[in-house]
Asks: 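Structure in structure tokens, see below.
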Number of protein chains: 2
Amino acid sequence: MNRDRQQSEQRLIDAVGQILATEGFSALGINAVARTAGVDKVLIYRYFDGLPDLLRVYGESGDFWPSMDEVLDRDVEAIRSLPLAARVETVVIGLFDALRNRPQTIEILAWEAVEQNALTETLAGIREQWAQKVISETMTDAADHDQDLLALASLLVAGFQYLLIRSRRSAIYGGLELTTDQGWERIRTAIRLACSDPGRGATVADPIFSRED
Amino acid sequence: MNRDRQQSEQRLIDAVGQILATEGFSALGINAVARTAGVDKVLIYRYFDGLPDLLRVYGESGDFWPSMDEVLDRDVEAIRSLPLAARVETVVIGLFDALRNRPQTIEILAWEAVEQNALTETLAGIREQWAQKVISETMTDAADHDQDLLALASLLVAGFQYLLIRSRRSAIYGGLELTTDQGWERIRTAIRLACSDPGRGATVADPIFSRED
DNA sequence: GCAAGGTGTCACCGATCGGTGACTATAGTT
DNA sequence: AACTATAGTCACCGATCGGTGACACCTTGC
């Protein structure tokens, strides 16, 4: 139509996000993307070598995972001085708050739970890198700890991610309201409850590596 | 072929379970069920009035959720005398162990996370009833408690269910091994860690940390 | 003017999906 | 034997899926 390859490519990329946001990943096919973009589907093959590549480009172009700064609202130095359990709580709660505002990321996470493709693999890679970075920068002492707080953190993240996924279609899970702010506040409190354990020697007043740094 | 309606119906019901177990819910369609059962697909419409009804019958015929006795291995009386946090831990851990051995239930849970149909609704109903029964029979005092242990329980169940779902396709999530017994033992320990909190008072007398011994 | 190459359009392919109408074959009843 | 109800078979429908070949259009360089 307009004889503008760049614009056509962008319309295709945008169409992916639009379909994910409005109809969900199950509706995301070659024909739907082309139709939404108002572009012939053959261009998906010409310009992106197929749908998987288009999904990969879309995944790399978007902002699907919060930065470390967004998750750790306080500065990193202050967090490093906290005991391990408090650091875990900060990260998990921060991730919780950040992901709640990312419906497209939740959609991709739902997809990832069910099948693998170029887009879910891209997101999985980003997330894994992110986790490694967070651990190496703020939780180097986790291995010394006698309790497996990293496993607890992953379990809690898995838990609220599952609830976020379910909230797309269901209103309730296990007595938890998934559509109201009060419901999510309850979940938030439960996360903090799971992390904050005085018995673990993890109070803010008692930093665990006050030894000699 | 054999002119035996009962047998044909049973073959169709069995085919649903077989497809779920071998190819996953995404492969479960009218044609696949009929082909697997070795029966013409028109019989699905005649005998069950369509696939949704067949799925409902399959869901009601199967054993997709553990009984309360299976989850609470000790007798219920002994559990009632435990503090609330210990009861929550017992139930969550019990459910965790029970669901790990139910691949078809995990498959339906994965399906349920993504879309709704007669089978997932059946399972959801069974699960909700089950949860209500457990709460009313063993956790009537939860409302009096100052901490929301029921929300914590649902969060933990959501967490390991998500990990079970992911384990169908992925080997790792957040540093957790999803294919080895050691990995699942780590998750199990993390669940117990989230539940057992001396700071919450009324803790289980865990023999290891008991002061009298 | 002319050829070449990139851009977009269109028609079509085979496969598969859920769904249905028309048929045959068998068993039981009278 | 004739009739009826049911079990099972078969062919086909329209829609949609991913994928491709052929062609028209426009810009650029010669």
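A, B, ... follow the sequence lines: proteins, then strands. Residue 1 opens every chain. Atoms considered below: every heavy atom in the structure, side chains included; atoms not considered: hydrogens, waters and symmetry mates.
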Asks: Rounded off to whole Å, could you give me the CG-to-C1' distance for the Leu43(A) and dC25(D) pair?
Replies: 14 Å

Asks: Rounded to whole angstrom units, what separation is found between the CZ atom of Arg5(B) and the P atom of dT9(D)?
Replies: 15 Å

Asks: Counting only side-chain N and O atoms of Ser8(A), is one of them less than 4.0 Å from OP1 or OP2 of dG8(C)?
Replies: yes

Asks: Whole angstroms only, please: what is the CD1-C1' distance between Ile44(A) and dT9(C)?
Replies: 15 Å

Asks: If you count the non-hydrogen atoms of other residues, nucleotides and ligands that lie under 6.0 Å from CD in Gln129(A), is the total more than 12?
Replies: no

Asks: Provide, to the nearest angstrom, the distance between the CZ atom belonging to Arg46(B) and the C1' atom belonging to dA7(D).
Replies: 7 Å

Asks: From CZ of Arg3(B) over to C1' of dG8(D), roughly how many Å is that when rounded to an integer?
Replies: 7 Å

Asks: Which residues satisfy the side chain to side chain contact (heavy atoms under 4.5 Å, CB included) test with Asp14(A), sequence neighbours excluded?
Replies: Gln10(A)

Asks: Ion pair present between Glu9(B) and Arg5(B), side-chain N to carboxylate O less than 4.0 angstrom?
Replies: yes

Asks: I'd like to know if Asp97(A) pairs up with Arg100(A) as an ion pair, taking the criterion as any Lys NZ or Arg NE/NH1/NH2 lying under 4.0 Å from an Asp or Glu carboxylate oxygen.
Replies: no

Asks: Please encode protein proximity along nucleotides 10-19 of chain C as a string of B, S and -, counting only heavy-atom distances under 4.0 Å.
Replies: B------SBB

Asks: Mind calculating the distance between OH (Tyr47(A)) and C1' (dT20(D)) to the nearest angstrom?
Replies: 16 Å

Asks: Fit a plane to each ring of Trp130(A) and Trp65(A), take the angle between them on a 0 to 90° scale, and name the class: parallel (under 30°), tilted (30 to 60°) or perpendicular (over 60°).
Replies: perpendicular

Asks: Salt bridge (Lys or Arg N to Asp or Glu O under 4.0 Å): which pairs involve residues 119-135 of chain A, sequence neighbours left out?
Replies: Glu112(A)-Arg127(A)

